[in-house]
Amino acid sequence: MSTLQSALLVNVVVLLTTLHADLGTKAVSRGRLLRPLIVAVIIVPVFVHTVFDSGIGLAVEICGLAAGVLFGLIAVSQVQVFREPDGRVVARAGRGYAALWIGLIAARSVFSVGATYWYGSELGRFFLRHGALPQDIASIVTNGLVLMAIAALLTRSGALLVRASGQRRVPA
């Protein structure tokens with residue numbers, strides 16, 4: 001599988017997982033909160049083959065993680081969390097939430113296509129100027145994108161857990 005195909009596959013999995021789990025009004029359950037962790041456990045070993053501990057590789061990984069956390073917090077701000085009269089804690093996400101995720105995945109996909117077909121040589125020169133080895137460039141880009149996606153999913157779950165735990169039981 002090519003780097004582009006890998007990136008697009010991760011994008012589709014993240015988008016479908018998130019929209020399936022969150023659109024509409026759904027209970028905040030263990031399964032709903034753990035699903036992104038399961039996705040991460042599957043995706044990371046499949047697509048992240050080298051973890052960089054210095055230089056531009058580490059910088060891109062950190063930026064990917066930070067961007068994912070920031071996006072996850074922005075996205076979950078579009079989710080209403082409340083307690084139903086029967087005591088269940090539920091979350092409701094609508095079109096704004098879906099639009100944010102679709103926009104993120106579309107931007108990531110356009111970046112991946114652009115890196116492959118439109119500005120790959122410029123991107124390669126950038127990484128080479130910043131100390132990357134030619135054979136590491138694809139891994140650096142892949143790591144940044146995968147870590148961004150996973151960080152967004154996990155942040156969304158963590159923020160939902162925090163918000164759900166803040167819902168007090170209403171006395172009957």
Side-chain angles (χ1 to χ4, degrees), residues 6-54 56-112 139-172:
S6 297
L8 296 176
L9 179 61
V10 168
N11 287 342
V12 168
V13 169
V14 167
L15 182 62
L16 293 178
T17 299
T18 304
L19 295 182
H20 173 73
D22 291 341
L23 284 183
T25 302
K26 298 184 179 177
V28 179
S29 65
R30 276 194 191 113
R32 182 174 176 193
L33 297 173
L34 290 176
R35 190 175 302 122
L37 184 59
I38 294 166
V39 169
V41 167
I42 293 168
I43 286 179
V44 171
V46 170
F47 296 105
V48 176
H49 303 291
T50 304
V51 177
F52 297 92
D53 59 4
S54 64
I56 188 72
L58 177 60
V60 169
E61 290 169 346
I62 290 170
C63 287
L65 287 169
V69 168
L70 179 62
F71 180 82
L73 291 172
I74 291 168
V76 85
S77 75
Q78 299 297 306
V79 177
Q80 297 173 319
V81 179
F82 55 95
R83 187 172 293 279
E84 292 278 11
D86 66 3
R88 289 181 317 133
V89 176
V90 297
R92 179 181 301 141
R95 285 181 249 179
Y97 181 83
L100 280 170
W101 279 99
I102 291 167
L104 172 71
I105 298 305
R108 288 168 44 86
S109 297
V110 168
F111 173 82
S112 296
S139 292
I140 291 170
V141 173
T142 299
N143 287 8
L145 292 172
V146 169
L147 293 175
M148 178 196 301
I150 296 305
L153 285 176
L154 295 178
T155 298
R156 163 242 170 239
S157 285
L160 273 180
L161 177 62
V162 168
R163 290 182 61 199
S165 67
Q167 295 298 314
R168 300 191 193 284
R169 188 170 292 279
V170 178

Rounded to the nearest 0.5 Å, what separates atom [atom1] in [X] from atom [atom2] in [Y]?
X	Y	atom1	atom2	answer
L147	L154	CG	CG	10.5 Å
L161	R32	CG	CZ	12.0 Å
L145	I150	CG	CD1	11.5 Å

- Note on the structure: side-chain hydrogen bond (donor to acceptor under 3.5 Å, both in side chains) pairs touching residues 146-161, sequence neighbours excluded, are D22-R156

- Would you list the pairs meeting side-chain hydrogen bond (donor to acceptor under 3.5 Å, both in side chains) in which at least one residue belongs to residues 68-79, sequence neighbours left out? none

Going by atom type alone, with no hydrogens or angles, which donor-acceptor pairs under 3.5 Å involve a side-chain atom of residues 40-51 and a protein atom two or more places apart or on another chain?
from	atom 1	to	atom 2	distance (Å)
H49	NE2	V46	O	3.1

Polar side-chain atom of [X] near backbone of [Y] as donor-acceptor pair, under 3.5 Å:
X	Y	answer
K26	H20	yes
S165	V162	yes
R88	A27	no

Using every non-hydrogen atom in the two residues, find where [X] and [Y] come nearest and quote the distance to one decimal.
X	Y	value
V28	L160	CG1-O, 4.4 Å
A98	L23	CB-CD2, 3.8 Å
A75	L100	CA-CD1, 3.9 Å
E84	T25	OE2-CG2, 4.2 Å
V79	A91	CG1-CB, 3.6 Å
V89	A164	CG1-CB, 3.7 Å

Can you list the residues that meet the side chain to side chain donor-acceptor pair (under 3.5 Å) rule with [X], with sequence neighbours excluded?
X	result
S109	N11
Q80	R92
S29	none

- So salt bridge (charged side-chain N to carboxylate O under 4.0 Å, His left out) across residues 95-109, not counting sequence neighbours, yields none

- Message: So, applying side-chain contact (heavy atoms from CB on, under 4.5 Å) with V13, which one of L15, V10, L16, T17 is it?
- Response: T17

Side chains of residues 60-69: which donor-acceptor partners sit under 3.5 Å, not counting sequence neighbours?
from	atom 1	to	atom 2	distance (Å)
E61	OE1	F52	N	3.4
E61	OE2	F52	N	3.0
E61	OE2	N143	ND2	2.8

- Task: Can you run down the ring-ring contact (aromatic ring centres under 6.0 Å, His included) pairs that involve residues 67-88, sequence neighbours left out, and say none if there aren't any?
- Result: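 Residue pairs passing ring-ring contact (aromatic ring centres under 6.0 Å, His included), neighbours aside: F71-W101.
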
